[in-house]
Each structure stands twice: as C-alpha cells, then as structure tokens.
Amino acid sequence: MTANDQHANVRYLVDDVQAAVDFYTIHLGFTLQTSAAPAFADVVRGPLRLLLSGPASSGARATPDDATTAGGNRIHLIVDDLDAEIDRLRRAGLSFRSDVVSGPGGRQILLTDPAGNLIELFQPAHRPGPRTPTAP
C-alpha cells in the first residue's frame, strides 16, 4: 500500500456530477480539483477529497447491483500495484465484491469489511510527468 496521498478519499455515487460539484463548491466550501463531467469530478476541502462519480464513471460501474442505493458509498484506498494487493488479500482469505474495472483514471476492485462496508482499492493510471527540455 502507498501512503503518499495527503487526502482522505471518499467516493460518492451521484446522478448529476455537475450538480454535485456546484453543491459542494457553492454551499460547503469545497474547491474543484478535477472535472471530467458528466462522468467524474473531485472536490477538496482540507484533507477530504470527494470523488464524485456519475453513472458513466468506471467507479460507479464497479458497484454491484445490490449496492447501488444509499449506503453503497465506500472509502477509496490508493495502491501502487493493484494486482499484488489482490493476490495478497486473496492469500489472506478475503474475497472481492467485483471484478477489476478499468477506466481512464485507473483500475479498481471492491471488497467488503466484516460488516459489509465497501472498500475500493484503486491504482491510478500512469501519467507521464512533464517533459524536460533537452540541452542543444
């Protein structure tokens, strides 16, 4: 697992990404970080980052049909190597609630805690860093 993220990430499934962005930024003091509306946006307030996933987002598609109503929200944990984490957790006897789902932002899979709460393990897509100019 990686600990390099400075935010606690919580994914909320929403019907309308832009309406959710407007609500959180206008009424609750969040700042828009990224928008790929209508599929996805994220807003930040202090150490909390809300991942707002519309029906077309890969995060929403990973949700099992029986967990699409209220209470289907989950915490979002960023991992460096999703396949290694899946192998490690399966060896520990854990089972998953979804298959791996891939989208433009990365790959994710869902598992549950002992109480049945969903936990999303997420490996971000590799994004190349800024290009550095070469010397002549």
Side-chain angles (χ1 to χ4, degrees):
M1 297 251 178
T2 181
N4 65 359
D5 198 348
Q6 62 188 1
H7 293 105
N9 298 303
V10 177
R11 184 179 304 278
Y12 279 0
L13 303 181
V14 298
D15 296 321
D16 183 329
V17 171
Q18 188 58 55
V21 167
D22 292 345
F23 175 82
Y24 285 103
T25 58
I26 293 169
H27 300 293
L28 298 177
F30 282 76
T31 302
L32 178 65
Q33 183 167 307
T34 307
S35 179
F40 172 83
D42 62 344
V43 293
V44 176
R45 180 177 171 184
L48 176 59
R49 177 176 170 236
L50 288 180
L51 309 168
L52 304 170
S53 295
S57 72
S58 57
R61 291 193 323 262
T63 304
D65 289 339
D66 64 347
T68 57
T69 59
N73 299 319
R74 66 258 192 172
I75 61 171
H76 171 94
L77 303 176
I78 297 173
V79 300
D80 291 325
D81 184 338
L82 184 62
D83 296 322
E85 288 299 313
I86 291 168
D87 290 342
R88 181 182 69 80
L89 295 168
R90 282 195 172 133
R91 282 193 310 271
L94 301 180
S95 58
F96 292 86
R97 289 291 311 269
S98 73
D99 293 325
V100 173
V101 174
S102 296
R107 300 169 57 232
Q108 64 256 342
I109 193 167
L110 299 177
L111 68 146
T112 57
D113 68 12
N117 295 303
L118 292 173
I119 299 149
E120 176 182 324
L121 302 179
F122 179 80
Q123 179 181 345
H126 174 69
R127 302 224 191 288
R131 295 182 63 175
T132 55
T134 56

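These numbers come from the heavy atoms of this one structure, side chains and all, not from hydrogens, waters or symmetry mates.
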#### Entry: With sequence neighbours excluded, residues passing ring pair (Phe, Tyr, Trp, His ring centres under 6.0 Å) with Tyr12
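For Tyr12, no residue satisfies ring pair (Phe, Tyr, Trp, His ring centres under 6.0 Å) once neighbours in sequence are set aside.
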Give, for atom [atom1] of [X] and atom [atom2] of [Y], the distance between the pair rounded to the nearest 0.5 Å.
X	Y	atom1	atom2	result
Glu120	Ile109	CD	CD1	10.5 Å
Leu48	Phe30	CG	CZ	4.5 Å
Leu82	Asp87	CG	CG	9.5 Å
Tyr24	Leu50	OH	CG	5.5 Å
Asn9	Asp42	CG	CG	8.0 Å
Arg91	Arg88	CZ	CZ	8.5 Å

Do [X] and [Y] share a hydrophobic cluster (ILVMFWY, side-chain heavy atoms under 4.5 Å, transitive)?
X	Y	value
Leu111	Ile86	yes
Val10	Phe40	no
Leu28	Leu52	yes

To check you understand the geometry: which heavy-atom pair defines the closest contact between [X] and [Y], and what is its length?
X	Y	value
Ser57	Ala39	CB-O, 3.2 Å
Val44	Arg49	CG2-CG, 4.1 Å
Ile119	Arg74	N-CB, 4.0 Å
Ser102	Ser58	O-CB, 4.0 Å
Leu32	Thr25	N-CG2, 3.9 Å
Pro104	Ala125	O-CB, 3.7 Å

Aromatic ring pairing His76/Phe122, orientation class (parallel under 30°, perpendicular over 60°, tilted between) | tilted
- Query: Short question: side chain of Ser98, backbone of Leu110 - any donor-acceptor pair under 3.5 Å?
  - Reply: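 Looks like yes, one N/O pair under 3.5 Å.
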_Pair Thr112, Arg97 - check side chain to side chain donor-acceptor pair (under 3.5 Å), show working._
CA-CA 7 Å; Thr112 57; Arg97 289 291 311 269; 5.5 Å; no
Practice problem: Not counting sequence neighbours, which residues clear salt bridge (charged side-chain N to carboxylate O under 4.0 Å, His left out) with Asp83? List them please. | Solution: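 Once residues adjacent in sequence are excluded, the partners of Asp83 under the salt bridge (charged side-chain N to carboxylate O under 4.0 Å, His left out) criterion are Arg107.
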Return all side-chain donor-acceptor pairs below 3.5 angstrom for residues 13-23, not counting sequence neighbours, or 'none' if the list is empty.
{"from": "Asp16", "atom 1": "OD1", "to": "Gln18", "atom 2": "N", "distance (Å)": "3.1"}
{"from": "Asp16", "atom 1": "OD1", "to": "Ala19", "atom 2": "N", "distance (Å)": "2.9"}
{"from": "Gln18", "atom 1": "NE2", "to": "Asp22", "atom 2": "OD1", "distance (Å)": "2.8"}

